[in-house]
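Residue numbering restarts at 1 for every chain, and letters A, B, ... go by the order of the sequence lines.
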Number of protein chains: 2
Amino acid sequence: MSEATIGDVARRAGVSTTTVSRFLGGQQVRAADLIRAAVADLDYRPSPAARSLRSGRTRSIAVVVPDVTNPFFAAVVKGAEAVARRDDYHLFLSNTDEDVDREAAVLADLVGRVDGAILAPTVESDDAPLRAHQAGLPLVFLDREIEGSAMFDAVLVDNGGGSRQVAEHFLDLGHRRIAIVNGTMHSTPGRQRREAFLDALKVAEPQVHEEHGDFREQGGYQAVMRLLALEHPPTAIFVTNNLMTVGALRALHDLGVRVPDELSIVGFDDLDLAQLLMPPLTVVERPMEEQGALAMRLLLRRLRESDDVQARRIVLETKLVVRGSTARPRST
Amino acid sequence: MSEATIGDVARRAGVSTTTVSRFLGGQQVRAADLIRAAVADLDYRPSPAARSLRSGRTRSIAVVVPDVTNPFFAAVVKGAEAVARRDDYHLFLSNTDEDVDREAAVLADLVGRVDGAILAPTVESDDAPLRAHQAGLPLVFLDREIEGSAMFDAVLVDNGGGSRQVAEHFLDLGHRRIAIVNGTMHSTPGRQRREAFLDALKVAEPQVHEEHGDFREQGGYQAVMRLLALEHPPTAIFVTNNLMTVGALRALHDLGVRVPDELSIVGFDDLDLAQLLMPPLTVVERPMEEQGALAMRLLLRRLRESDDVQARRIVLETKLVVRGSTARPRST
DNA sequence: TTGAAAGCGCTAACAC
DNA sequence: GTGTTAGCGCTTTCAA
């Protein structure tokens, strides 16, 4: 057991606990060497609980994501953790499983337990984050927002830009029957990717089908199954997140649809093996670990500053990476 | 701010703080209804810091993994988090990046900050975990062990079984020039997978090449590059983890090697897209989220019991899933 | 079943 | 630059 307390150190160094506390806090102290020695001898480690109770700060940050097994969020967590560690902060992780109630419970519970949270909210219409903030939880939004989060720091991506590039790419190739597999429309990426894509298609007035998934693999699978059961199935599909793309590819595989000969497909977010598929998958990509790292930097910075500093909002670029899963439609 | 303290609640309910504390702890109390109402009215939330300071417990558990972006560890974290949440525990996450020093620092730092930790140690020869345990940190080992961890709870997998199946599969197909791409030999999975594989090959005395990676993608890539530069390259390769398998596949792709016509390949741990590759990848699989969930259950159980309960060790099965990336060698 | 009182280990006023 | 003192919010003796 780490038994030694600050009192033990003080006694051994022949000073008061205050002096030890000051030394620990980085202040100038005459007995620095003695204290250092006492700390080492006793293997003294300050009690985090006592510190928190007294100071009101915990030196830990929560990261609240819908699903850590989504490679995007795993990368975000990794990036955030690295930055936190460098600043001697600890990381709490919460999985909401894309469940609003769970998210609300988690946030309420986090108040007072961490100094702040990075949040990728499940839906845009929930006000649990606002309540948590009012209860004293500094918040940075990551990748997704909620109504009324404009005054918060946020690290977002240009969903519109990437989606528009996909639309233009499809049109350039000559596709006129185009489909989009949407994620949750209540989430920022779901909404933005859809809107920008549909908007960019308008210039050519193609036939557009929409299917709604839930950002999960199953959703992508079923959506594609439905699309290809249409009398005139699309010749090009934009799948708006990575997990649904996996499901979509599985569906195409099961149906024996040849890509890109019979169908062009583009995913949002790169996948580890995307380049190794036959054909290699065309995707919209964006920096992932960096997004997490930036969010953590924003949060730590805000903790240092007064709360009334203006909201900092970072929007990262997205980029269409054309590989082999898109081609001209066969009939053209 | 969550301002209300237990004193406020007590006053409002007309009882002592002791009684409120007991009520909160689940004991029978006469004024239960009044207290419940006061808690609701004041939106009272107990201070975690005060609780920890007084009780010595934090109701949080750390999970220490080499890399969250490895799908296996992401799944482990998810499984562990779900179980922890159900028991009202919080989860700290630490990434060691396969770095022993970082791991040692993390563990030392965790003492007193969490009630226990689930650890997937980087190497087998480090004693930092032992020191942390002696300092009072209950530990459960996950997937990997260290020298002297036999008295600890652990959730492992039958690395030998899966690897042996791969070896037999290769031999059955008629391969006689066989290679293994090892992970870190200082880790449990690295060592066990290698030993069982080589051992099972002995019956047929094939020509065996070994390459050493580090469980990362780059390592797999380079190992395969070296193997295929040999005068008589192998006709079958066993790659001993998922990340290295991705690298290996990338190398084969870059070299234009046709699988399984020119080369058979098997990976350890399934990948999201493994079934969609051309050909679908043959792999050794095992339950992943479950491994994390079990480790968390073991740990929570140990926290409830006295420390001298005998170590519980769970070994999960591994299974070879034959898909399309293995075939008879061409020359046969 | 209840309450009074002590104290977990630390930091922040405040006085020197 | 240093020490004294008080107290953060809770749980846990102890006695009733």
Side-chain angles (χ1 to χ4, degrees), chain A residues 1-36 38-39 41-60 88 90 109-115 135-136 303, chain B residues 1-36 38-39 42-60 88 90 109-115 135-136 303-304:
Chain A
M1 295 291 167
S2 182
E3 295 288 9
T5 74
I6 198 171
D8 300 330
V9 176
R11 208 165 309 122
R12 187 167 181 119
V15 294
S16 74
T17 61
T18 314
T19 303
V20 176
S21 177
R22 286 190 181 118
F23 168 78
L24 260 25
Q27 291 185 42
Q28 284 284 355
V29 156
R30 238 189 284 287
D33 290 342
L34 271 72
I35 297 177
R36 212 188 323 275
V39 165
D41 291 352
L42 299 170
D43 190 26
Y44 167 70
R45 338 192 81 262
S47 148
R51 273 202 167 155
S52 305
L53 178 56
R54 181 62 239 224
S55 67
R57 272 159 286 115
T58 60
R59 279 206 99 72
S60 41
D88 212 28
H90 291 257
D109 185 67
L110 249 24
V111 179
R113 194 178 295 275
V114 295
D115 293 346
L303 295 182
Chain B
M1 295 291 167
S2 181
E3 295 286 9
T5 74
I6 198 171
D8 301 330
V9 174
R11 209 166 307 121
R12 187 165 181 119
V15 294
S16 74
T17 61
T18 315
T19 303
V20 176
S21 177
R22 286 191 182 116
F23 168 79
L24 261 25
Q27 291 185 41
Q28 286 282 356
V29 156
R30 236 191 283 289
D33 290 342
L34 272 72
I35 297 177
R36 213 188 321 276
V39 165
L42 299 170
D43 189 28
Y44 167 70
R45 340 192 81 263
S47 148
R51 272 202 167 157
S52 304
L53 178 56
R54 181 60 236 225
S55 67
R57 273 159 284 115
T58 61
R59 279 206 99 72
S60 40
D88 213 28
H90 291 257
D109 185 66
L110 249 24
V111 179
R113 194 177 296 274
V114 295
D115 293 346
L303 295 182
R304 268 179 260 120

Subject >> Set of side-chain hydrogen bond (donor to acceptor under 3.5 Å, both in side chains) partners for Arg51(A), sequence neighbours left out >> reply: none
If I take atom [atom1] in residue [X] and atom [atom2] in nucleotide [N], what distance separates them, rounded to the nearest angstrom?
| X | N | atom1 | atom2 | result |
| --- | --- | --- | --- | --- |
| Ile35(A) | dG1(D) | CD1 | P | 13 Å |
| Gln27(A) | dA12(C) | CD | P | 9 Å |
| Leu42(B) | dG9(D) | CG | C1' | 15 Å |

**OP:** Answer yes or no: is there a side-chain heavy-atom contact under 4.5 Å between Arg57(B) and Leu303(B)?
**Re:** no
**OP:** Could you tell me whether the side chain of Ile35(B) reaches within less than 4.5 Å of the side chain of Val15(B), counting heavy atoms only?
**Re:** yes
Kindly list each side-chain donor-acceptor pair under 3.5 angstrom involving residues 17-27 of chain B, sequence neighbours excluded, with atom names and distances?
residue	atom	partner	partner atom	Å
Thr19(B)	OG1	Ser16(B)	OG	3.3

Subject >> Whether Thr58(A) side chain and Asp115(A) backbone form a donor-acceptor pair below 3.5 Å >> reply: yes
**OP:** Could you tell me whether the side chain of Arg59(B) and the main chain of Asp88(B) form a donor-acceptor pair under 3.5 Å?
**Re:** yes
**OP:** Ignoring backbone atoms, establish whether Ser16(B) has a side-chain N or O less than 4.0 Å from OP1 or OP2 of dA4(C).
**Re:** no
I'd like a list of close polar pairs between nucleotides 7-11 of chain C and the protein, N/O only, cut-off under 3.5 Å.
residue	atom	partner	partner atom	Å
dG7(C)	N2	Arg54(B)	NH1	3.1
dC10(C)	OP1	Tyr44(A)	OH	2.5
dC10(C)	OP1	Ser47(A)	N	3.1
dC10(C)	OP2	Ile6(A)	N	2.3
dT11(C)	OP1	Arg51(A)	NE	2.8
dT11(C)	OP2	Ser21(A)	OG	2.8
dT11(C)	O2	Arg54(A)	NH1	2.7

